[in-house]
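Source: prediction; values computed, not measured. Order of listing sets the numbers, starting from 1, for every ligand and every atom in it. If you read the sequence from its start, that first residue is 1, and numbering goes on from there.
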Amino acid sequence: MSESVSRVGVVGAGQMGGGIAEVSARAGADVLVWEATEELAAGGRARILKSLDRAVSSGKITERERDQAAERLTFTTDLADFADRQLVVEAIVENEAVKAEIFGKLDEVVTDPDAVLASNTSSLPIQRIATATKNPGRVLGLHFFNPVPVLPLVEVISSLSTSESAAARAEQFASEVLGKQVVRATDRSGFIVNALLVPYLLSAIRMYESGFATAEDIDKGMMLGCAHPMGPLKLADLVGLDTVNFIADAMYAEYKEPTYAAPPLLLRLVEAGYVGKKSGRGIYEYP
Ligand code: CAA
Ligand code: NAD
């Protein structure tokens, strides 16, 4: 078995990349985060520092642990800086062409043949991302859940080409370094959780769109009737309606079943730029 991962790269500092970088730094890893521009990197860093402050306020970490985690985080706009990384987790937009381009570059720059190149994709088959590289054995899915510092699960997804040593190294990082619970999923769009969750979110949007009930009552129904921490419409806003739309499209392309088809209201909200909590407005408003 390869040595335990201590040098992590994270591609993208959006909600998920920021969360993955934060939990990795809190766990003691040296974390290098890539963003496309200095401005995006600064925004990502500010969100991570805010989240670390929140963890201090709620008594999860001390001020000293926050400062140490912050010191372990470095930002770059040059993927070539990832040469010495032992594990890279890609967490950029849910778009196959964009991810494939990033994996092609990562495969060229990350020198250690035992390094793992992981995607946090919600729905894109890992096999298709892996074929953008010359070393598909080290490519796999490492799927975290939002918010990353709170939710304990990680799905590990091997493609037909993934080596068992790469999967074992990623699983060891998730469970032993980050302290997450791991499940292994087959390389089918949506894996385990989103294959079940996303049709439910889309059904809730259809229910709301049809005038069946108010958004508040749909959410209240599932929170109080099924003990969910959050209703499906609030959850769709939390995930990001743009991301829900991308995931629905990927799952529809894979399975060709209407249950995965994005409803018109979802399309209109995304077209309007009302993509959920991260933009201040989605199905709900976030003043
Ligand atoms: N980052 C860090 N910590 C956060 C956080 C964030 N963004 N949001 C909430 N927290 C922490 C709070 O600090 C608080 O911690 P303490 O209990 O230690 O004080 C705790 O979480 C609870 O937060 P709140 O009291 O503010 O609010 P809440 O009780 O309503 O919980 C929630 C908020 C954690 C988001 C909860 O509602 C929840 O778990 N919702 C369901 C989320 C979910 O289902 N996520 C999966 C989405 S699907 C996915 O991720 C896969 C995909 O590919 C799309
Ligand atoms: P986000 O909108 O918060 O961030 C998107 C990231 O992609 C940013 O870093 C942005 O700079 C980058 N990006 C956008 N367009 C790009 C381009 N053309 N080239 C390079 N980088 C680009 O999204 P997110 O919620 O962090 O989702 C990121 C990934 O994680 C997606 O694959 C998504 O499916 C997956 N994911 C999301 C959730 C969730 O609940 N939001 C949960 C698990 C997995």
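- Taking the six-membered ring where the residue is Trp, H143 and F145 present tilted rings, their angle falling between 30° and 60°.
- Scanning the protein heavy atoms around atom 6 (C) of ligand 1, the nearest turns out to be P147 CB, 3.5 Å.
- Taking only non-hydrogen atoms, the option from R54, E155, R47 nearest to atom 13 (O) of ligand 1 is R54.
- Around CD of E38, the count of heavy atoms belonging to other residues, nucleotides or ligands within 6.0 Å does not exceed 12.
- Under a 4.0 Å criterion applied to the non-hydrogen atoms of H143, ligand 2 contributes the atoms 43 (C), 44 (C).
- Put simply, part of A13 is less than 4.0 Å from ligand 2, judged by heavy atoms.
- In terms of polar-atom proximity, defined here as any N/O pair under 3.5 Å, V239 does make such a contact with ligand 2.
- When only non-hydrogen protein atoms are considered, atom 30 (O) of ligand 1 lies nearest to P229 O, 4.8 Å.
- By heavy-atom distance, the residue among S122, P232, S123 lying nearest atom 53 (O) of ligand 1 is S122.
- Atoms of ligand 1 lying under 4.0 Å from at least one heavy atom of N146, given by number and element, are 42 (C), 43 (C), 45 (N), 46 (C), 47 (C), 50 (O).
- Ligand 2 has an N or O atom lying under 3.5 Å from an N or O atom of K99, backbone or side chain.
- Less than 4.0 angstrom separates some heavy atom of P149 from each of these atoms of ligand 1: 2 (C).
- A donor-acceptor distance shorter than 3.5 angstrom exists from the side chain of R138 to the backbone of D107, with no hydrogens or angles considered.
- With hydrogens and angles disregarded, a donor-acceptor distance shorter than 3.5 Å links the side chain of R169 to the backbone of E3.
- Of all protein heavy atoms, the one closest to atom 48 (S) of ligand 1 is L197 CD2, 3.4 Å.
- Contacts with ligand 2 closer than 4.0 Å are made by no heavy atom of F145, backbone or side chain.
- For the pair R281 and Y274, the cation-pi test (distance below 6.0 Å, angle within 45°) is passed.
- With salt bridges taken as basic N to acidic carboxylate O contacts below 4.0 Å, none links R184 and E155.
- Salt bridge K278/D242: present, at least one basic N to carboxylate O contact under 4.0 Å.
- Inter-residue side-chain proximity for T76 and V33 is flagged as unmet; no heavy-atom pair is nearer than 4.5 Å.
- At least one N or O atom of M16 sits closer than 3.5 Å to an N or O atom of ligand 2.
- Judged purely by atom type and a 3.5 angstrom limit, S175 uses its side chain to pair as donor or acceptor with the backbone of E171.
- Counting heavy atoms only, G14 comes closest to atom 4 (O) of ligand 2 of the residues G14, S119, G19.
- A side-chain contact (heavy atoms from CB on, under 4.5 Å) with V11 is found for exactly one of V89, L106, L32, namely L106.
- Proximity to L151 (heavy-atom distance under 4.0 Å) selects the following atoms of ligand 1: 39 (O), 43 (C), 45 (N), 46 (C).
- Only side-chain heavy atoms of H143 come within less than 4.0 Å of ligand 1; its backbone N, CA, C and O stay farther off.
- Within ligand 1, the atoms closer than 4.0 Å to a non-hydrogen atom of F145 are 49 (C), 50 (O), 51 (C), numbered from 1 in the order shown.
- The closest non-hydrogen atom to atom 31 (C) of ligand 2, taken over N120, I92, T121, comes from I92.
- Heavy-atom distances between E90 and ligand 2 stay at or above 4.0 Å for every pair.
- Of all the atoms in ligand 1, the ones that sit under 4.0 Å from a non-hydrogen atom of L235 are 42 (C), 43 (C), 44 (O), 45 (N), 47 (C).
- Polar contact check, I247 against ligand 2: no nitrogen or oxygen pair lies under 3.5 Å apart.
- One finds a salt bridge joining R85 and D30 here, because a Lys/Arg side-chain nitrogen approaches an Asp/Glu carboxylate oxygen to under 4.0 Å.
- Of the possible polar contacts, none joining the N135 side chain to the G137 backbone as a donor-acceptor pair under 3.5 Å is found.
- Relative to the six-membered ring of Y284, K234 meets both conditions, a distance below 6.0 Å and an angle of at most 45° to the axis.
- Heavy-atom contacts of S58 reach the following atoms of ligand 1: 18 (O), 19 (O) (cutoff under 4.0 Å).
- The shortest contact between atom 3 (N) of ligand 1 and any protein heavy atom is with V150 CG2, 3.3 Å.
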